[in-house]
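Just so you know, these numbers use all the heavy atoms, side chains as well, and skip hydrogens, waters and symmetry mates. Just so you know, ligand 1 is whichever comes first in the structure, and atom 1 is the first atom listed for that ligand. Starting from 1, each residue takes its place in the sequence as its number.
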Amino acid sequence: MDSQSPFSGSGVVPTYFVSTFYYFTPIEDPEAFKIELKQKAQEMDIKGLIIIGHEGFNTTSSSDSREKLEAWKSYFKTRFQLAELNNKDSACDKIPFLRFSVKVRPEIVTTGRPDLHLESNKVGHNHHLSPSEWDRVMKEERDQIVIIDTRNWYEYDIGTFKGALNPNIEKFTEFPQYFENQKIDKNQKILIFCTGGIRCEKGILELQERGYDNVYQLEGGILKYLEEKPHQEFEGECFVFDNRVAVDQSLQPSEKYKLCPHCGQPAAIKRECVRCDTEFLICDKCVELETKKDTCSKNCAHQWTVRPNKKGPHQLRPYELMIKPQKNKTLEQRLV
Ligand SMILES: [Zn+2]
Ligand SMILES: [Zn+2]
């Protein structure tokens with residue numbers, strides 16, 4: 001499938017293009033691949049985060065040029081001889097990544113079970129539901145299914161599928177234990193989902209190992225679903241792991257949430273900093289904390305504690321550094 005359509009968003013001229021994709025495929029020497037990737041990303045002017053390991057790769061990548069991002073995707077397809085990348089694409093006018101980083105990990109999505117091996121082209125597609133199949137099952141079989149959000153509590157909080165159970169976990173490694181505790185009937189039809197599909201790829205293997213064979217995962221995750229079925233069964237916004245914090249139903253960067261300057265969780269409560277008078281958003285947990293509730297940043301919180309009632313300058317956040325023009329400095333200098 002060509003990626004023309006997802007890039008056409010809300011009429012705003014997009015400045016950055018974003019693509020999320022993963023693939024389970026054996027990589028013999030991840031360290032050597034890391035060097036290759038760093039060089040390629042620099043040559044091709046790509047920003048983002050990629051996690052690689054012996055089992056494959058998992059990335060959200062971005063560029064200020066659609067052509068460059070397409071070339072980046074083609075490089076992966078050629079390198080691993082893939083017909084499809086199953087990429088989830090979006091566009092935005094706010095920079096999602098300031099740099100490119102590669103991390104080598106034992107797993108490309110952390111489950112705590114590096115022994116569960118998977119190859120994307122060998123995955124049983126009978127357990128994948130396309131966004132339209134998923135949508136149909138949710139509408140027609142609602143009384144017979146159990147829907148479980150495999151993501152963390154703060155991801156669930158800002159948006160999820162109608163009727164989905166919230167495991168209230170801090171990290172994905174806690175999911176199997178949560179599941180075990182529910183004592184769900186082994187024949188029950190269960191639907192699981194995550195952001196881009198990768199957590200479910202491994203999650204479903206673990207559930208199958210525990211004897212649950214009537215489990216289905218949303219192919220391409222919430223991001224693919226929203227691309228095809230906005231304003232249907234998913235409610236709210238979808239948390240993403242970059243500067244956009246979340247994307248809305250049209251896959252546009254969230255207008256509602258920023259990251260809490262104190263703890264990094266999604267924040268939507270508006271406050272004005274007592275030290276620098278900047279308006280900011282804070283999360284519903286930090287807003288309860290005396291040392292944090294009135295300050296826009298870690299710096300202001302610290303300074304205000306050390307010198308109470310002493311005003312200070314406005315604090316810039318990383319994305320503001322990108323937008324605010326600074327005299328005599330190139331973009332790269334501003335990022336250092
Ligand atoms: Zn917070
Ligand atoms: Zn401040």
Enquirer: Going by the salt bridge (charged side-chain N to carboxylate O under 4.0 Å, His left out) test, name the single residue among Glu55, Glu209, Glu107 that passes it with Arg113.
Expert: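 In the set Glu55, Glu209, Glu107, the residue that makes a salt bridge (charged side-chain N to carboxylate O under 4.0 Å, His left out) with Arg113 is Glu209.
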Enquirer: Report yes or no: does Glu133 contribute a side-chain atom to a donor-acceptor pair with the main-chain N or O of Ser130 at less than 3.5 Å?
Expert: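 Confirmed, Glu133 side chain pairs with Ser130 backbone.
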Enquirer: Please note down the angle at the Zn ion (ligand 1) between SG of Cys286 and SG of Cys283, to the nearest 10°.
Expert: 110°
Enquirer: Using a cut-off of strictly less than 2.8 Å, determine whether Cys273 has an N/O/S atom near the Zn ion (ligand 2).
Expert: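 Checking the Zn ion (ligand 2) against Cys273, an N, O or S atom does fall under 2.8 Å.
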Enquirer: Salt bridge check: are Glu237 and Lys256 linked by an N-O gap of less than 4.0 Å?
Expert: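 Salt bridge absent between Glu237 and Lys256.
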Enquirer: The Zn ion (ligand 1) as vertex, arms to SG of Cys260 and SG of Cys263: angle to 10°?
Expert: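 It comes to 110°.
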Enquirer: So, are Asp45 and Lys40 salt-bridged, with charged N and O less than 4.0 Å apart?
Expert: no
Enquirer: Could you please compute the angle at the Zn ion (ligand 2) from SG of Cys276 to SG of Cys296, rounded to 10°?
Expert: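 The SG/SG angle about the Zn ion (ligand 2) sits at 100°.
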